[in-house]
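Single-structure report; data block below.
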Amino acid sequence: MSKAAEDLVLVINSGSSSIKYQLMDPESGMVAVSGAVERIGEDEGGIEQHADGETVRQRSTIADHQAGLRLVFDTLTAAGYDVVRGGVCAVGHRVVHGGEVFYRPTLIDDTVIAAIRELASLAPLHNPANLAGIESVCELLPGVPQVAVFDTAFFHSLPAAAKTYAIDAKIAAAYGIRKYGFHGTSHEYVSGRTAELLGRAPAELNQIIFHLGNGASAAAVRGGRPIDTTMGLTPLEGLVMGSRPGDLDPGIVPHLVRTAQLDIDQIDNLLNRDSGLKGLAGVNDFRELQRLIAGGDQAAELAYDVYVHRVRRYLGAYLIELGAVDAIVFTAGVGENNPQLRADVLAGLTRFGIDIDPAANTAKDRSARRISPADAPVAVLVVPTDEELAIARAARQVVAERP
Ligand code: ADP
């Protein structure tokens, strides 16, 4: 018996070698099924799916994204969710780069597909993979509405002074060079949840949000709209990340070309895969970094110090840009789960009204919560992000509003 899926949204995050998915109810946030296909295009890939308290794991060779999605649909059907015959209300796709063109969730048609393809020059590692997911769904679920939700969209209206790079203006205009910002779906969702938790209207609040996961970014949000963010033309700028360096002197690139004879692909690889915590300490996962630190590894300690230093640099910058801050919010894998890091980032800032309550900070509590003392002028919060829910809600709304 197939379970009713026509009210559910299938959310797809299609990466270069993986497809993460959730089948969920956008009203309640209930996740019926979640799963991931990994190692697409490699000798041995596989799928892992959680549905109704059961986990299924299967290994096989997955040639490409379409084969991966076929496996997703077969595995969903085996769990009782036949989305091919039973249908879903919509498919929501995370799309990394929306360029200047896309700044709200968008119903996908051939024109939109062509525009996302054109934006691949701005996000060569991400947009083609997102597109592979979209085109596979077109083939396998014809007739089901698909909606693209862009990681850059929230930051579309960044003030000119924040989004402009000080390079030759003609070159910047010709090649679309500006700060776009990423993780926008998360920053928007978390800033909205923070306002809810504080019982205030978003329009009344100044917030600094730290999304610290494998990728990491910060945003300064005034009255519900971002006024600055750390990621830029690409997701390389800003904070130190698992395997990306964040801010660098751009002079490093020509220096490496001249002295180390690195070519453009090697530099791309160095900056996207072999830098950040991985470059400094050999591991990109924060838990592993902490294990190394506990064992006295000095390179890991330095990596941690560099990471914290960068977060504090942006905290200071955004405090000044906002003028006054009501809430500082931590989210994503590291931000939600690492009390030591939160304490180190906010250490010694009582004179700015910023303080945390050690017991609240270290409490084993996974829900959204305040971790500053009740009387502290600045609310510090941990707010779990839920990009999938935000995408599912956006997709459902676009489908409901379509002519
Ligand atoms: P992404 O979605 O960007 O891949 P996540 O938001 O899942 O990343 O964050 C991954 C990071 O969060 C890893 O560095 C991991 O070590 C850290 N992390 C995840 N869960 C925990 C946890 N329970 N305790 C400490 N760190 C965690």
Side-chain angles (χ1 to χ4, degrees), residues 11-22 31 34-39 48 50 93-96 123 125-126 129-130 149 151-152 181-190 193 209-219 229-231 234-246 272-294 297 300 303-304 306-308 310-311 329-345 361-369 371 382-391:
V11 177
I12 292 182
N13 182 352
S14 175
S16 56
S17 66
S18 71
I19 301 170
K20 294 186 191 135
Y21 61 100
Q22 285 194 7
V31 178
S34 67
V37 171
E38 304 276 3
R39 292 183 294 283
E48 179 168 325
H50 313 277
H93 291 270
R94 175 179 184 219
V95 178
V96 168
L125 302 175
H126 295 101
N130 305 151
V149 179
D151 240 29
T152 48
F182 298 86
H183 289 149
T185 308
S186 175
H187 285 290
E188 186 171 18
Y189 173 83
V190 168
R193 282 285 292 135
I209 297 164
F210 290 107
H211 174 115
L212 308 176
N214 253 325
S217 65
T229 191
T230 54
M231 284 178 167
T234 74
L236 276 178
E237 193 181 350
L239 303 179
V240 175
M241 310 180 212
S243 62
R244 291 176 237 153
N272 282 292
R273 301 204 172 83
D274 291 332
S275 298
L277 301 178
K278 170 117 180 285
L280 289 174
V283 296
N284 64 356
D285 189 288
F286 224 90
R287 283 170 288 195
E288 284 180 44
L289 186 80
Q290 286 183 297
R291 274 193 279 279
L292 290 177
I293 292 171
D297 187 311
Y304 181 84
V306 173
Y307 187 102
V308 171
R310 188 76 53 80
V311 174
V329 193
F330 290 91
T331 192
V334 179
E336 290 167 30
N337 295 299
N338 197 320
Q340 181 67 50
L341 177 93
R342 295 192 295 259
D344 289 338
V345 163
N361 185 37
T362 51
K364 297 254 174 284
D365 182 350
R366 303 189 71 82
S367 56
R369 64 195 194 278
I371 58 167
V382 175
V383 177
T385 191
D386 196 340
E387 288 158 291
E388 289 78 13
L389 178 59
I391 291 171

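These numbers come from the heavy atoms of this one structure, side chains and all, not from hydrogens, waters or symmetry mates. Atoms within each ligand, like the ligands themselves, are counted from 1 in listed order.
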Mind telling me whether His211 and His187 have parallel, tilted or perpendicular rings, with 30° and 60° as the class edges? tilted
Atom pairs, nitrogen or oxygen, ligand 1 to protein, under 3.5 angstrom:
residue, atom, partner, partner atom, Å
ligand 1, 3 (O), Asn214, N, 3.1
ligand 1, 4 (O), Asn214, ND2, 3.3
ligand 1, 6 (O), Gly333, N, 2.9
ligand 1, 8 (O), Asn214, N, 3.1
ligand 1, 12 (O), Val334, N, 3.3
ligand 1, 14 (O), Phe286, N, 2.8
ligand 1, 16 (O), Asp285, OD1, 2.6
ligand 1, 16 (O), Asp285, OD2, 3.4
ligand 1, 16 (O), Phe286, N, 3.1
ligand 1, 16 (O), Arg287, N, 3.2
ligand 1, 16 (O), Arg287, NE, 3.4
ligand 1, 20 (N), Asn337, ND2, 3.4

For residues Asn338 and Gln290, is any side-chain donor paired with an opposing acceptor at under 3.5 Å? yes
What residue among Leu212, Thr230, Ile209, Asp151 forms side-chain contact (heavy atoms from CB on, under 4.5 Å) with Ser217? Thr230
Would you check if the side chain of Glu336 reaches a backbone N or O of Thr385 as a donor-acceptor pair within less than 3.5 Å? yes
Heavy-atom distance under 4.5 Å between the side chains of Thr331 and Tyr189, does that happen here? no
Shortest non-hydrogen pair, Tyr307 vs Val240, comes out as CE1-O, 3.2 Å
